[in-house]
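Values in this document were obtained by computation on a predicted structure and should not be read as measured data.
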Amino acid sequence: MSIPLVNSIASWFLKKRFHQIELFLKYPNEVQNELLLSLIDFAKNTEIGKQYDFASIKNYKTFAERVPIKNYDGWQDDIERSRRGESNIFWPTPIKWFAKSSGTTRAKSKFIPVSEESLEDCHYAASKDLLCMYLNNNEDSQLFNGKSLRLGGSKELYKEKGTVYGDLSAILIDNMPFWAEFSSTPSNKVSLMNDWEHKMQAIVNETINENVTSLAGVPSWMLVLLNNVLETTGKQNLHDIWPNLEVYFHGGVSFTPYKDQYKKLLPKPGFKYYETYNASEGFFAIQDRNDSSELLLMLDYGIFYEFIPMDIYATPQEHAIPLSEVKLHQNYAVIITTNGGLWRYKIGDTIRFTSLNPYRIKISGRTKHHINVFGEELIIENAEHALKKVCKRTKSEIVDFTAAPIFMEGKEKGAHEWLIEFKTPPEDINYFNELLDNALKALNSDYEAKRYNNITLNKPKINIARPQLFHNWLKSNDKLGGQHKIPRLSNTRDYLEELLKLND
């Protein structure tokens, strides 16, 4: 297929799709309400639909009163039945694929159902919209003159009933249309290799001679790959290898801790970064403007949204509100109902709205991955912004980090203990610690109050991790690659203690 023809088709699709996007931009709440009722009607004859009498639900109020909010643990038994081949439990069409991600209280791993509808109308639709928005904002783009270097996970077959599970990225790669494979690198065979470390070098070998115009993948793992590319080629930056590289589409983890390192690898003026917000459960939001830190919430992917204000989360007063009732700059836990059969499901993420017309968001953290042992409400967003500021001041670079509380004992006050792996360490770790403490105070008034005169919290304690500590910890837990992430913040010391033992 010729480049002009590809660009012509892309331009036609772009104009057609933007008309649909304009519809939910203009009528967001109407689109969401209509979507909810269509999901309810479609699933009314499933076990869940009969249990909660979906057939008689005619509005959001009844839906919210009748259907309980659950996390994965609440759905696990039904999902396991579905994995064993039972059908029509929570979604009427057969479910073959299950996206595997990190576990919960009851299970080592989560297996999120991926229906045909969610695959086509959510995940693949979002991938096309991402290109549409990027091309609309960059009319001189040469994206289709080359290939997209994608970094995905692995796939395995669930032996008992033939259902397939693996990283979501692997499921997407395994089912992508031929034209998408034609425009991507590496090959599906290499992309779906199970051994992560061998796969890394195979990807390098396949891609260094391609005309790569875009990158797509999780920042932490993409950084490992790109450093391997430079090491293999002996080049100083990636533009020496791929001169037409123009954009990096990233998501999965916050980009904040990695941005400065990417700028060194990709120093060309005008290089673009586009963020996405997706998970095993669905694709939620896309950066729709150049050089923006805000993401447009996508309202027509078969996902109905609700939100729990974080100031009442996990309290007796906890309740969810629809999109029409959200307010600016407040932290919310995200609740989704999806075309994959998840009903009022807590995904564990927190967001805040930066705009209500249209609805734009920023990801602020995780409901579990925060520290609130002493009333300090330290969220990942605070930690990452503080570290970025301190690294700039001390000319240091961070590879990875985690933090946990030091609990009060007797007359001893509490504190936060950090374990940080540096690529470029600061000259004075005590000065780094002082700056970090002050930065957190400036970003978080609750932390500042608890630190005032050491009233509740003493100053932080920082441990320096040996090289490759976090990589080796992930490897020992069979969590290399894909969507696996280091737990940044925790209310317990479980992760930290395990890592500190490895660090001795």
Verdict with supporting geometry, K259 and E384, salt bridge (Lys or Arg N to Asp or Glu O under 4.0 Å) | CA-CA 11 Å; K259 192 167 187 178; E384 290 178 336; over 6 Å; no

Heavy-atom donor-acceptor pair, T402 side chain to P487 backbone, under 3.5 Å
yes

Report task. Would you please test F63 and Y52 for side chain to side chain contact (heavy atoms under 4.5 Å, CB included) and show each step? Result -> CA-CA 9 Å; F63 173 74; Y52 298 111; over 6 Å; no

Look at atom OH of Y495 and say whether more than 12 heavy atoms of other residues, nucleotides or ligands are closer to it than 6.0 Å. no

- request: Measure from the ring center of Y305 to the ring center of Y359 and say whether it is less than 6.0 Å.
  value: no

Here the pair of heavy atoms bringing A320 nearest to I69 is CB-CD1, 3.8 Å

Exactly one candidate in V334, T337, D121, I336 meets side-chain contact (heavy atoms from CB on, under 4.5 Å) with I303; the answer is I336

What one should report as the nearest heavy-atom pair of S82 and I95 is OG-CB, 4.3 Å

Closest non-hydrogen atoms of L35 and L299, given as atom of the first, atom of the second and distance, are CD1-O, 3.5 Å

Working note: F42 + F54, criterion side chain to side chain contact (heavy atoms under 4.5 Å, CB included); need CA distance, chi angles, decisive distance, verdict. CA-CA 9 Å; F42 192 63; F54 279 8; over 6 Å; no

Paired with Y277, the side-chain contact (heavy atoms from CB on, under 4.5 Å) test is passed by just one of I286, I351, L296, namely I351

### Query
Are N382 and Y447 close enough, and set up right, to give a side chain to side chain contact (heavy atoms under 4.5 Å, CB included), and what steps lead you there?
CA-CA 10 Å; N382 300 151; Y447 178 86; over 6 Å; no

* **Any side-chain donor near an acceptor of the partner, T62 and N59, under 3.5 Å** => yes

Output for pair (Y274 OH, F249 CZ), nearest 0.5 Å, gives 8.0 Å

Between A465 and F470, the two heavy atoms sitting closest are CB-CE1, 4.2 Å

Donor-acceptor side-chain pairing of S292 and R360 below 3.5 angstrom
no

In this structure, CD1 of I171 is separated from NE2 of H123 (nearest 0.5 Å) by 8.5 Å

| Where do H250 and Y262 land on the ring-ring contact (aromatic ring centres under 6.0 Å, His included) test, with the steps shown first? | CA-CA 12 Å; H250 62 86; Y262 273 91; 7.8 Å; no

Discussion item. Go through it in stages, so that I can follow the logic: the residues are E497 and K501, the test is salt bridge (Lys or Arg N to Asp or Glu O under 4.0 Å), and I'd like the CA-CA distance, side-chain angles, deciding distance and then a yes or no.
Written reply: CA-CA 6 Å; E497 291 291 353; K501 286 179 183 177; over 6 Å; no

*Heavy-atom side-chain contact between Y313 and N331 under 4.5 Å*: no

Practice prompt. Flag the pair E381 and K362 as a salt bridge only when some basic side-chain nitrogen lies within less than 4.0 angstrom of an acidic carboxylate oxygen.
Written response: no

Modelled atom types, side-chain donor and acceptor of E294 and S355, under 3.5 Å: no

L443 and A386 have their tightest heavy-atom pair at CD1-N, 3.6 Å

Quiz prompt | Donor on one side chain, acceptor on other, E206 and S187, under 3.5 Å | solution = yes

- Task: Indicate yes or no for a side-chain donor-acceptor contact from E318 to the backbone of A314 under 3.5 Å, with no hydrogens or angles considered.
- Result: yes

Heavy-atom count check: over 12 atoms from other residues, nucleotides or ligands less than 6.0 Å from E34 CD? no

Scan side-chain atoms only and decide if E306 and Y60 contain a donor-acceptor pair under the 3.5 Å cut-off. yes

Between the OG1 atom in T315 and the CD1 atom in I308, the distance rounded to the nearest 0.5 Å is 9.0 Å

The reported gap from CG in L496 to CD in E498 (rounded to nearest 0.5 angstrom) is 10.5 Å

Minimal heavy-atom distance between T354 and H329, with the atoms involved, is CA-CE1, 4.2 Å

Note to self: Assess, by modelled atom type and distance only, whether the side chains of Q201 and N228 contain a donor and an acceptor separated by less than 3.5 Å.
What the structure shows: no

Rounded to the nearest 0.5 angstrom, the CD1-CD1 distance for I312 and I321 is 8.0 Å

**Prompt:** Taking side chain as C-beta onward, heavy atoms only, is L295 less than 4.5 Å from F284?
**Reply:** no

Pair L225-L149, side chain to side chain contact (heavy atoms under 4.5 Å, CB included): steps then yes or no:
CA-CA 11 Å; L225 172 65; L149 195 168; 3.7 Å; yes

Taken to the nearest 0.5 Å, the spacing of I57 CD1 from I40 CD1 works out to 5.0 Å

Review point. Can you check whether T350's main-chain N or O pairs, donor with acceptor, with S364's side chain at less than 3.5 Å?
Key: yes

